[in-house]
4 protein chains.
Amino acid sequence: MKNKIKEYTPGTTRIEAFSDGVFAIVVTLLVLELRVPHLPENFSSAEVIKELVHLGPKFISFGLSFLVIAIFWVNHHQMFHSLEKTDRSLLWYNNLLLFTLSFVPFPTAFLGEYPTDMIPVMLYGFAMFAAAVSFNLMLRHAVRAGLFLPSISAQTMKESIKRGMLGPVIYFISIIGALISVYISLAVFILVPVFYFIPQKIVRLDKQ
Amino acid sequence: MKNKIKEYTPGTTRIEAFSDGVFAIVVTLLVLELRVPHLPENFSSAEVIKELVHLGPKFISFGLSFLVIAIFWVNHHQMFHSLEKTDRSLLWYNNLLLFTLSFVPFPTAFLGEYPTDMIPVMLYGFAMFAAAVSFNLMLRHAVRAGLFLPSISAQTMKESIKRGMLGPVIYFISIIGALISVYISLAVFILVPVFYFIPQKIVRLDKQ
Amino acid sequence: MKNKIKEYTPGTTRIEAFSDGVFAIVVTLLVLELRVPHLPENFSSAEVIKELVHLGPKFISFGLSFLVIAIFWVNHHQMFHSLEKTDRSLLWYNNLLLFTLSFVPFPTAFLGEYPTDMIPVMLYGFAMFAAAVSFNLMLRHAVRAGLFLPSISAQTMKESIKRGMLGPVIYFISIIGALISVYISLAVFILVPVFYFIPQKIVRLDKQ
Amino acid sequence: MKNKIKEYTPGTTRIEAFSDGVFAIVVTLLVLELRVPHLPENFSSAEVIKELVHLGPKFISFGLSFLVIAIFWVNHHQMFHSLEKTDRSLLWYNNLLLFTLSFVPFPTAFLGEYPTDMIPVMLYGFAMFAAAVSFNLMLRHAVRAGLFLPSISAQTMKESIKRGMLGPVIYFISIIGALISVYISLAVFILVPVFYFIPQKIVRLDKQ
């Protein structure tokens with residue numbers, strides 16, 4: 001992929017526009033997994049509430065995936081905002097990230113259907129792990145290929161990469177943890193976005 | 001969320017582009033709840049019409065949700081048009097609004113299926129209430145954090161917030177009203193967009 | 001709607017961005033009506049082909065709706081390209097057009113399922129009629145409110161409106177025609193886009 | 001289509017914005033074909049894994065179509081980036097391309113369901129063939145009508161067209177090949193994107 005010949009690469013704006021489209025569609029498609037419950041004839045309100053409570057895990061997985069993808073969107077823009085230029089490899093690392101994100105509705109629906117079963121929990125962890133790794137690969141490439149604005153210090157970029165390792169590591173733990181107890185993984189899924197909003201911003205990509 | 005360190009926030013344009021994507025997708029996904037009726041062999045036109053009439057509540061809930069989300073879109077742009085800058089909190093208040101809106105297809109479908117049952121009616125009211133509250137929180141934050149253009153007077157902003165309270169209050173009434181009669185709530189759902197188009201524009205966010 | 005107080009209206013660009021989103025999503029959602037046929041165990045190629053032939057009307061209604069919406073998209077941009085400014089009414093006429101277009105996947109699927117039955121054919125004609133009328137109303141409003149660029153002559157605008165009447169009239173005929181024979185309507189559905197590509201461009205909105 | 005009268009054509013930017021929308025939606029809709037498996041009561045992890053393995057061909061066809069559409073997206077931007085202007089025919093060649101791409105989710109789902117059956121394999125090959133031919137027609141028209149920037153040499157354009165023939169030819173082989181063995185076609189489907197990433201970039205549209 002690191003070929004020498006000079007070639008066209010879409011500018012930051014264009015990649016962002018396409019990415020924004022994919023981000024917006026993925027978060028909005030998540031709702032399609034919330035299906036209207038089919039109720040018996042002459043159902044009581046208690047029965048409807050029971051059905052909605054039964055949908056609870058789907059609501060939670062919907063909200064969780066929305067939140068995580070929104071965090072990716074924020075980090076994505078923050079990173080692209082700091083880029084001076086792009087290259088073909090960056091474009092394809094970005095496409096890899098979008099691919100992993102466009103896959104998220106499937107494990108989200110699977111987790112919503114079977115929220116305490118090992119395989120669906122591991123698959124959800126794996127999807128998040130894959131997205132986090134893709135983002136990290138893209139970030140590393142941008143640093144290595146010198147695509148960032150000159151105003152971004154080497155120190156900042158090094159810290160970004162180090163901090164950017166947290167996502168992959170934590171989600172890897174969520175995959176392995178499910179072998180012991182799915183509640184370890186579920187705790188990870190819920191705590192990652194929570195930590196994101198804590199002032200120290202442990203899992204934030206970049207604070208410049 | 002109100003941290004002191006200076007940090008990157010996407011500009012107005014970028015937030016709007018992402019929001020526009022979500023708005024456009026949500027209104028367009030609503031149609032997916034209109035499923036083609038399965039008709040018996042050698043059906044008569046009368047039977048088809050009966051099936052379409054049976055779909056009536058779904059058509060109405062589809063139209064209603066489209067209209068309400070279109071109003072949110074207009075108010076959203078009107079507000080962002082008046083902003084001088086954004087901050088990280090605004091970004092997340094906006095994500096919260098988009099989250100509540102991306103949820104709308106579910107209560108819309110639910111209401112379309114069971115248009116006169118208490119729980120679906122309350123859920124629809126709650127979804128609208130949540131969206132209206134999110135919008136109001138975002139507006140309040142923007143005023144409090146001084147994100148509006150200097151040309152927007154304090155008076156205008158105060159009035160906007162006051163008028164912006166109408167949505168949450170009215171939709172709260174629609175939730176509670178359903179306990180007495182679902183027709184109170186249904187009247188609210190239909191009258192809110194109607195009032196919007198009345199010249200006085202009672203429920204409009206801002207008239208500058 | 002024609003209120004005197006000066007108020008904010010989104011610029012042409014913004015309305016177009018939102019509209020483009022809706023147009024793009026509607027044409028792409030159409031494919032969701034093409035469901036993979038469920039085949040028996042040890043099926044033969046002949047059986048698969050039979051199933052695909054059976055899907056024929058769905059393929060045709062998919063292609064037809066894609067084409068008509070693409071024509072609307074071209075006319076929409078052509079019109080907005082000629083606008084100097086917008087107003088609140090134009091915004092809502094545009095929202096009305098988007099509403100009618102976002103509805104199109106339903107009659108498209110219905111027609112694909114029952115291509116020679118009166119009611120589905122009439123409903124499809126009605127959906128097209130509604131979209132064409134909305135477009136015409138928007139165009140008339142823009143002329144009446146003086147929103148076009150000064151370089152667009154009164155003559156051109158008058159001709160546009162006159163030519164823009166063709167769509168509503170033709171699709172009205174397709175609704176009524178179905179009462180005599182659905183083949184009248186089906187002929188209209190197929191001929192309208194065909195005429196569009198004939199050099200004289202009978203149904204084109206505007207040729208400046 | 002090649003009419004003499006001067007008429008409005010949307011600029012490059014606008015066509016790209018609409019196209020980006022369609023590209024983004026198509027790649028994201030592909031995931032909807034991955035349905036959560038319905039598992040029996042008290043299922044074991046082994047049964048879940050068996051179900052996921054059973055979904056294998058759907059995962060692969062999802063990934064493959066994502067990749068091919070992403071390649072089309074890159075080529076599309078690369079081409080439009082090199083255009084000086086557009087005309088009405090280009091606009092409709094582009095709409096034809098978008099039409100063929102918006103169809104892709106259907107053959108993708110069909111192939112995922114019946115990955116080793118002749119007709120679904122041929123249909124997938126045909127969809128790719130149609131998209132590749134549309135792209136080539138658009139490219140040829142742009143060259144013939146002199147829409148490229150003056151800085152693009154005649155030699156480069158000639159090479160682009162020649163290289164752009166590879167896609168249609170290879171996918172035509174995949175259609176015919178299925179008559180002998182579907183594995184010929186499946187090999188083509190997998191090898192085309194692989195070749196794309198090989199440094200020589202045999203199937204790349206343009207290397208300027």
Side-chain angles (χ1 to χ4, degrees), chain B residues 13 16-39 42-52 55 58-59 62-63 65-67 69-71 73-82 152 193 196-201 204-208, chain C residues 1-11 13-30 32-33 35 58 61 88-89 91-92 94-96 98-114 117-123 126-127 178-179 182:
Chain B
T13 317
E16 283 185 293
F18 180 62
S19 305
D20 273 4
V22 173
F23 275 105
I25 300 156
V26 171
V27 293
T28 321
L29 283 186
L30 293 169
V31 80
L32 296 183
E33 291 307 328
L34 301 175
R35 307 279 164 104
V36 170
H38 287 285
L39 297 162
N42 301 312
F43 58 87
S44 67
S45 282
E47 281 171 299
V48 193
I49 290 171
K50 213 185 104 194
E51 285 289 339
L52 285 178
L55 280 176
K58 294 197 175 194
F59 289 130
F62 163 63
S65 291
F66 190 102
L67 188 51
I69 294 172
I71 293 174
W73 177 73
V74 173
N75 285 347
H76 188 272
H77 273 308
Q78 194 164 338
M79 172 177 161
F80 274 74
H81 181 76
S82 308
I152 313 289
Y196 180 82
F197 290 103
I198 290 178
Q200 292 79 358
K201 295 186 192 64
R204 278 264 315 298
L205 161 72
D206 201 329
K207 70 179 177 208
Q208 90 284 346
Chain C
M1 290 285 296
K2 270 164 289 164
N3 44 69
K4 296 298 190 312
I5 52 161
K6 192 190 161 303
E7 38 179 57
Y8 163 73
T9 46
T13 317
R14 191 137 304 155
I15 298 180
E16 283 184 293
F18 180 62
S19 305
D20 273 2
V22 174
F23 276 104
I25 300 156
V26 171
V27 293
T28 321
L29 282 186
L30 293 169
L32 296 183
E33 291 307 328
R35 306 280 164 105
K58 294 199 174 191
S61 68
R88 204 173 182 83
S89 300
L91 177 63
W92 282 103
N94 188 55
N95 282 345
L96 180 63
L98 296 182
F99 176 66
T100 61
L101 291 176
S102 79
F103 178 66
V104 166
F106 176 73
T108 302
F110 206 17
L111 184 69
E113 191 79 36
Y114 307 103
D117 289 297
M118 198 177 77
I119 303 298
V121 165
M122 288 179 85
L123 187 70
F126 176 73
L179 295 170
V182 293

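Note that the coordinates shown come from a computational prediction; the quantities given were computed from them, not determined experimentally. Letters go in sequence order (proteins before strands), and every chain restarts at 1.
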| Non-hydrogen atoms of chain C under 4.5 Å away: do they reach the side chain of B:Leu55, the backbone, both or neither? | side chain
Gap separating the [atom1] atom of [X] from the [atom2] atom of [Y], nearest 0.5 angstrom:
X        : Y       : atom1 : atom2 : value
C:Asn95  : B:Ile69 : CG    : CD1   : 11.5 Å
B:Gln78  : C:Arg88 : CD    : CZ    : 5.0 Å
C:Phe110 : B:Glu51 : CZ    : CD    : 8.0 Å
B:His77  : C:Leu91 : NE2   : CG    : 9.0 Å

| field | Stepwise side chain to side chain contact (heavy atoms under 4.5 Å, CB included) test for C:Ile119 and B:Ser45 | value | CA-CA 6 Å; C:Ile119 303 298; B:Ser45 282; 3.9 Å; yes
| For C:Leu98 against B:Phe66, the heavy-atom pair lying closest together | C-CZ, 3.8 Å
| query | Where do B:Val48 and C:Pro120 come nearest, in terms of heavy atoms and distance? | reply | CG1-CD, 4.4 Å
| Intermediate values then yes/no, side chain to side chain contact (heavy atoms under 4.5 Å, CB included), B:Thr28 and C:Phe103 | CA-CA 8 Å; B:Thr28 321; C:Phe103 178 66; over 6 Å; no
| message | Taking every non-hydrogen pair under 4.5 Å, which of B:Asp20, B:Leu32, B:Leu52, B:Leu39 racks up the most with chain C? | response | B:Leu39
| field | Which atoms of C:Leu29 approach chain B - backbone, side chain, both or neither, heavy atom under 4.5 Å | value | side chain
| Side chain proximity check, B:Val74 to C:Trp92, heavy atoms < 4.5 angstrom | yes
| query | More than 12 foreign heavy atoms under 6.0 Å from CZ of C:Phe126: is that the case here? | reply | no
| message | B:Phe43 vs C:Tyr114, test: ring-ring contact (aromatic ring centres under 6.0 Å, His included). Steps then yes/no. | response | CA-CA 11 Å; B:Phe43 58 87; C:Tyr114 307 103; 5.2 Å; yes
| Ring centroid separation for B:Phe62 and C:Phe106, is it under 6.0 angstrom? | no
| task | Carefully, step by step, assess B:Phe23 and C:Val22 under the rule side chain to side chain contact (heavy atoms under 4.5 Å, CB included). | result | CA-CA 9 Å; B:Phe23 275 105; C:Val22 174; over 6 Å; no
